[in-house]
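For this chain, numbers begin at 1 and follow the sequence in order. Heavy-atom basis, side chains included; hydrogens, waters and symmetry copies ignored.
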Amino acid sequence: LQQLLAGRNMRLRPLVHPLNHGYQGLSSKSDLETLLQLFHLQSQEPRFSEDAFEREKEQREERLRNRLVDPGMLYYEEFQRRWWCDHPRHRPWDTAMLDRMSLGRSESFFRHSMSPAGGFHFILVGNIDLQAVRPLLETYVGGLPPAPSLSVVPRGERRISGVHRARIHAGTEPVAR
C-alpha cells in the first residue's frame, strides 16, 4: 500500500475523541478518488498486524521519552490533568498504558467504533466539481452499510470550576500562559 500511495498528495487517519469519532483526510483534487478508496478500504476491511501494532507502540514510547524535554508538552499535560479533574480518560499516556495495550482489544474497539461508517457525516471542502465527485461518493460512501445506533455513555467526566493557579517548572526560560 505504501508503494501504491507513493507520490500521492493525500492523507487519511482515524480520529477518536470522547464524544465523537471518525476519519479526517485531505487530498489534492486529482487524488480525491484514491482518498475515498482508501477510506472505504480502511473502514470496511481494516487490517491489523502484530508488526504494525508493535511499531505503533515503539513510536508512542519514543514520543513519551521526547515529551519529557518539551516544556510546552508538560504544560499541556498538566493543564489537561487539572481541566478534567484528573479523570482517567484524559490523563496523558504513560508507559503503564503502553504495557496494557493489546492488539485484540484495539482491533475490537476499532471495528466497533470505526467500521460502521455508514452513520458518519462527510464534509468536503475545496474547489470541488459536484457533478464529477457525485459518482465517487455514490461508489465509495453511498453503499456503506448503516451504522448501529450508538449513544453517549456518561463516564463521570467533569471539568474544573472556579479559579485555580499552578506553577509548572520546566525548561530554562520563564513562560506565561
Glu77 bridged to Arg91 by N-O distance under 4.0 Å: no
- request: Output yes when a side-chain donor or acceptor of Ser108 lies under 3.5 Å from a complementary backbone atom of Gly104, and no otherwise.
  value: no
query: For Val16 and His21, which heavy atoms make the closest approach, and how far apart are they?
result: CA-CB, 4.1 Å
- prompt: After noting the C-alpha distance and the side-chain angles of Glu107 and Arg111, does the key distance pass the salt bridge (Lys or Arg N to Asp or Glu O under 4.0 Å) rule?
  reply: CA-CA 6 Å; Glu107 180 177 350; Arg111 289 187 186 279; 2.9 Å; yes
field: Atom pair NZ/CG of Lys57 and Leu98 - distance to nearest 0.5 Å
entry: 6.5 Å
Using residues 132-147 as the side-chain source, report each donor-acceptor pair under 3.5 Å to any protein atom, sequence neighbours left out, with the distance given to one decimal.
residue: Arg134; atom: NE; partner: Glu138; partner atom: OE2; Å: 3.2
residue: Thr139; atom: OG1; partner: Pro135; partner atom: O; Å: 2.8
residue: Tyr140; atom: OH; partner: Glu33; partner atom: OE2; Å: 3.2
residue: Tyr140; atom: OH; partner: Gln37; partner atom: NE2; Å: 2.9

message: Could you tell me if the side chain of Arg13 sits less than 4.5 Å from the side chain of Tyr23, heavy atoms only?
response: no
message: Tell me whether Glu62 is salt-bridged to Arg65, with the criterion being a basic N under 4.0 Å from an acidic carboxylate O.
response: yes
query: Taking all non-hydrogen atoms of both residues, which atom of Ile128 and which atom of Leu124 are closest, and how far apart?
result: CD1-CB, 3.5 Å
Do any side-chain atoms of residues 159-166 form donor-acceptor pairs under 3.5 angstrom with protein atoms, and if so which ones, sequence neighbours left out?
residue: His164; atom: NE2; partner: Ser161; partner atom: O; Å: 2.7

- line: Note: Gly22 and Met114 closest approach over all heavy atoms is O-CE, 2.8 Å
statement: Distance col, row Phe53:CZ vs Ser106:OG, nearest 0.5 angstrom, shows 4.5 Å
message: For the CZ atom on Arg11, are there more than 12 heavy atoms of other groups (residues, nucleotides or ligands in this structure) within a distance under 6.0 Å?
response: no
message: Using the rule that Ile, Leu, Val, Met, Phe, Trp and Tyr join whenever any side-chain heavy atoms are under 4.5 Å apart, tell me whether Leu26 and Leu36 fall into a single cluster.
response: no
statement: In this structure, CG of Asp70 is separated from CG of Leu74 (nearest 0.5 Å) by 7.0 Å
Which atom of His90 lies closest to which atom of Gln80, heavy atoms considered: O-CB, 4.1 Å
- prompt: Is any side-chain heavy atom of Met10 closer than 4.5 Å to a side-chain heavy atom of Leu38?
  reply: yes
- prompt: So which heavy atom on Pro46 is nearest to which on Phe110, and how close?
  reply: CB-CE2, 3.6 Å
- request: Could you grab the distance from atom NE2 of His87 to atom CH2 of Trp84, nearest 0.5 Å is fine?
  value: 9.0 Å
message: Under the rule for ring pair (Phe, Tyr, Trp, His ring centres under 6.0 Å), what residues qualify as partners of Trp93, not counting sequence neighbours?
response: none
message: Between Arg105 and Arg100, is the side chain to side chain contact (heavy atoms under 4.5 Å, CB included) condition met? List the steps.
response: CA-CA 10 Å; Arg105 285 196 321 269; Arg100 290 192 306 267; 4.2 Å; yes
message: If I compare all heavy atoms of Cys85 with all of Arg158, which pair ends up nearest, and what's the gap?
response: SG-NH1, 3.2 Å
message: Distance alone, cut at 3.5 Å: any donor-acceptor contact between the side chains of Ser28 and Asp31?
response: yes
task: Count the heavy atoms of every other residue, nucleotide or ligand shown that sit under 6.0 Å from CD of Gln59, and state whether that count exceeds 12.
output: yes
Cationic N near anionic O, under 4.0 Å, Arg60 to Glu56: yes
message: Could you check whether Phe122 and Phe39 have their ring centres less than 6.0 Å apart?
response: yes
- prompt: Side-chain contact, heavy-atom cut-off 4.5 Å: Arg81 with Pro92?
  reply: yes
query: Distance from Ser30 atom OG to Asn9 atom CG, nearest 0.5 Å?
result: 7.5 Å
